[in-house]
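In this chain, residues are counted from 1 in sequence order. Counting convention: from 1, in listed order, for ligands and their atoms alike.
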Amino acid sequence: MRILVFDIGGTEIKYALCDENFTLTDKKSVPTNAHEGGKRIIERVVEIAKTFDGFDRIGISTAGQVDSEKGMIVYATDSIPGYTGTQIKQLVESELGVPCAVENDVNSAALGEAHFGAAKGESNFICLTYGTGIGGAIFIDGKLFKGCGYSAGEFGHFITHANGKNCTCGGNGCYEAYASSGALVRAVIEKTGKNLNGREIFAEFDNPTIRDIIDGWIDEIVVGLKSLVYIFNPSLIVAGGGIMNEQYITDEINKRLKTQLMQSFRCIEVKKAKMGNDANLLGAAYVATKE
Ligand SMILES: [Zn+2]
């Protein structure tokens with residue numbers, strides 16, 4: 001079986017061919033040109049697909065809230081205008097005549113890690129991606145738990161501080177307002193006046209002020225993870241996002257969880273996500289095989 005896979009993000013559409021051993025070849029990307037709107041994005045996906053031949057299925061990972069049974073966008077923010085309501089599966093299948101599966105990008109990445117990466121062989125685990133915000137996914141008994149509106153695992157917006165900082169969701173005290181890499185960047189600006197990105201912050205690790213900010217930020221990460229461990233009792237937490245390439249973070253999270261959790265919940269390990277940018281494409285390929 002050969003699967004043509006796409007990962008539609010706000011800035012880039014990545015695509016590749018995937019064989020039956022889940023090896024990706026011909027990896028390429030084009031700008032999304034999101035301002036042209038959701039319908040045009042899917043037309044371009046179809047145009048790209050028509051330059052390939054010899055594929056049996058299409059798998060699509062995409063930004064936005066996805067009804068994966070209908071293969072449509074239930075809701076997308078204005079970062080891709082007019083994307084809400086787009087019937088991706090129907091449009092792609094009628095143009096290309098092969099089965100098409102569609103899944104949300106966070107879920108796709110989690111499926112990629114679940115079947116080919118850091119969580120291979122695990123049944124009960126959660127995934128969190130730390131970036132500007134925080135995304136997440138939940139696996140129970142080996143299956144992705146989606147919730148009634150395909151949105152379960154929105155860990156960025158569970159509350160860790162009553163009456164806390166304002167959040168982009170309109171609420172306040174949300175986990176991502178304190179524990180995202182964006183929150184770390186903001187904390188550094190507030191306390192030092194320096195506008196540094198994640199890598200630059202860790203380059204100043206020996207500066208005691210910066211070190212204190214990093215340690216306080218890791219405390220915020222741990223506060224949320226402790227609650228999640230008590231709810232799901234997972235064997236594994238997969239932590240993704242570029243900032244997690246700093247080994248210190250996962251080492252510290254593991255150390256703090258193992259001393260702060262109730263004894264019976266300490267059978268938990270936090271691992272870095274392994275598949276990087278390929279996770280979404282591999283997850284999309286995996287869902288396409290189930291189509
Ligand atoms: Zn929020």
key: Proximal protein heteroatoms (N, O or S) of the Zn ion (ligand 1), under 2.8 Å   =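 Counting only protein N, O or S atoms under 2.8 Å from the Zn ion (ligand 1), the list reads H157 ND1, C167 SG, C169 SG, C174 SG.
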Below 4.0 angstrom, N of the basic side chain to O of the carboxylate: do [X] and [Y] qualify?
X	Y	answer
R40	E47	yes
R256	D215	yes
K39	E43	yes
K194	E200	no

query = Does E113 reach the main-chain N or O of A119 with its side chain, forming a donor-acceptor pair under 3.5 Å?
reply = no
ask   = Within the distance-only criterion (no hydrogens, no angle test), does the side chain of D19 pair as donor or acceptor with the backbone N or O of F22 below 3.5 angstrom?
value =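 Yes: the side chain of D19 pairs with the backbone of F22.
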